[in-house]
Amino acid sequence: MTISRSKIALFFIFFIYLSSTSSSAKKKQHAPCKELVLFFHDIIYNGQNKANATAAIVAAPEGSNRTILAGESHFGNIAVFDDPITLDNNLHSPPVGRAQGMYLYDTKNTFTAWLGFTFCLNSTEHQGTINFMGADPLMNKTRDVSIVGGTGDFFMHRGVATIMTDSYEGEVYFRLRVDMKFYDCW
Amino acid sequence: MTISRSKIALFFIFFIYLSSTSSSAKKKQHAPCKELVLFFHDIIYNGQNKANATAAIVAAPEGSNRTILAGESHFGNIAVFDDPITLDNNLHSPPVGRAQGMYLYDTKNTFTAWLGFTFCLNSTEHQGTINFMGADPLMNKTRDVSIVGGTGDFFMHRGVATIMTDSYEGEVYFRLRVDMKFYDCW
Amino acid sequence: MTISRSKIALFFIFFIYLSSTSSSAKKKQHAPCKELVLFFHDIIYNGQNKANATAAIVAAPEGSNRTILAGESHFGNIAVFDDPITLDNNLHSPPVGRAQGMYLYDTKNTFTAWLGFTFCLNSTEHQGTINFMGADPLMNKTRDVSIVGGTGDFFMHRGVATIMTDSYEGEVYFRLRVDMKFYDCW
């Protein structure tokens, strides 16, 4: 019995050691448990594209209208969107879901946005939602936002999404590439 | 000593095996560590119900006003709300807290919303806040959003909330039933 | 072999016991794995402070304008902000980042807000973003919101932030102190 106790103690120490090393390894490495790359396409209503538009400006500071983006880096504009999601960078590819939510322009002297939105995926490959939130400094090549939760195939998932402006046409069409890396997959 | 080492190794293998099975079991089962069902009641300001209203339209696309919901499935409307929360489906039951935040209508051809809100609970049973975010396709019987965090009794909690439209009267009163399942309880 | 099996069983029981106690201990204690205190400074545009303003009202209920906060506890106002973050309570200290996002006033009879915002930190000490969401009952001395995610130095972090109104001048300048406690640090 004495021996078996000492063995348990030994094991316990060993287990503590294992936990601490595995935890410090996690700090360095962060291998994602799931990855996914998708594109979404934002067509902002400009007063002349009602049929095609997938987003509309719904709020603006006093003195601005909501048909064109406000001057001075669009500071204060809030846009609501329902954008098609595709597997590749072609707007006309069959959509695998919709990106729904809002962005707002929040700086006076450069272009930065703040995002709160959801990917609603509905395809043979993926069923469920992914919820995103974060700052989007548009002039940077890549911007990291948080994946704060999910449902369906993405039940309780968390991770980081890297957003890139893949293409744009004036201030009407924006194509965003989203590289999702999930680190908490359940 | 040789024996005890081999036993530790054996145990280690056993432990790895346990971890992997328990992790794959978690993927299938997901038993909630806490459950809660609450109702909240949304009365939208329509220009004539100032005293009773708990929500107001505060943003709309150019060409719409903010007293009535915009045409075409209310696309672009943002509403801000402070709704009473009750334990049952009766608007006049004593409130156990307030649901506070915003929703926005984000599609042109059907009714879908996007939600960001907080349950502020203040009763003998529950003290604390629960934070929600997600897409709300209103025409579906049930809609799943993420519980992304909490404070007080819901410190660091995460989970999934299933929202159902329990009742509505025209476009003024909506009663929502929220089935919360927490899977990360701390 | 029989002995070693019984030992493994014994250990297994011991391990289950350890897990359960450590989990119940976690419920009581919650020692943060990281702490951070920062200040941010919100100067609301009032029609006369365009150069200095860091926030603007961009949405309001029908009948209100967006230059001054709406009557009745500002119910329905949404403000968009890009506020400097400092290490101490001095507006003129060198900023270590920007607080970007939105708040909305959501009650009719008192002052409460709802917050969705990001700390974008860019200093020698901290690089990365922290994402916040929650209710902000302004009249309370302290208000707890959720830290729902992070990137960079705050990769995948979660926690609770306690917000305090450190100072204010009329309805134009607000200084907020944010005590961040992270409990999930990666």
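Lettering of chains follows the sequences in order, A, B, ..., and the numbering in each one begins at 1. Only this structure's heavy atoms are used, side chains among them; waters, hydrogens and symmetry mates stay out. Please read all numbers here as calculations on a predicted model, not as lab measurements.
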Measure the acute angle between the ring planes of A:Trp186 and B:Tyr183, then classify it against the limits of 30° and 60° as parallel, tilted or perpendicular.
perpendicular
Separation between [atom1] of [X] and [atom2] of [Y], rounded to the nearest 0.5 Å:
X	Y	atom1	atom2	value
A:Gln100	B:Tyr105	CD	OH	13.5 Å
A:Asn131	B:Trp114	CG	CH2	7.5 Å
B:Thr110	A:Arg98	OG1	CZ	11.0 Å

So which bits of residues 118-128 of chain A come within less than 4.5 Å of chain B, counting non-hydrogen atoms only?
A:Thr118, A:Cys120
Only counting residues at least two apart or in another chain, list the ones meeting salt bridge (Lys or Arg N to Asp or Glu O under 4.0 Å) with A:Asp83.
none
Heavy-atom pair with the smallest gap, counting every atom of B:Ser146 and A:Gly150:
OG-N, 3.1 Å
Looking at every non-hydrogen atom in both residues, tell me the closest pair between B:Asp144 and A:Thr129 and how far apart they are.
O-OG1, 4.4 Å
Region of [X] in contact with chain B, defined by heavy-atom distances below 4.5 Å:
X	result
A:Ile78	side chain
A:Ala55	backbone
A:Ala51	backbone

When A:Ala79, A:Gly101, A:Ala56, A:Gly152 are compared by non-hydrogen pairs under 4.5 Å with chain B, the top option
A:Gly101
Taking the side chain from [X] and the backbone from [Y], do they hold a donor-acceptor pair closer than 3.5 Å?
X	Y	answer
B:Lys108	A:Asp82	no
A:Thr151	B:Val145	no
B:Arg158	A:Gly149	no

With heavy-atom distances below 4.5 Å as the criterion, would you say the side chains of B:Val160 and A:Phe155 are in contact?
yes
Where on B:Val58 is there a heavy atom nearer than 4.5 Å to chain A: the side chain, the backbone, both, or neither?
neither
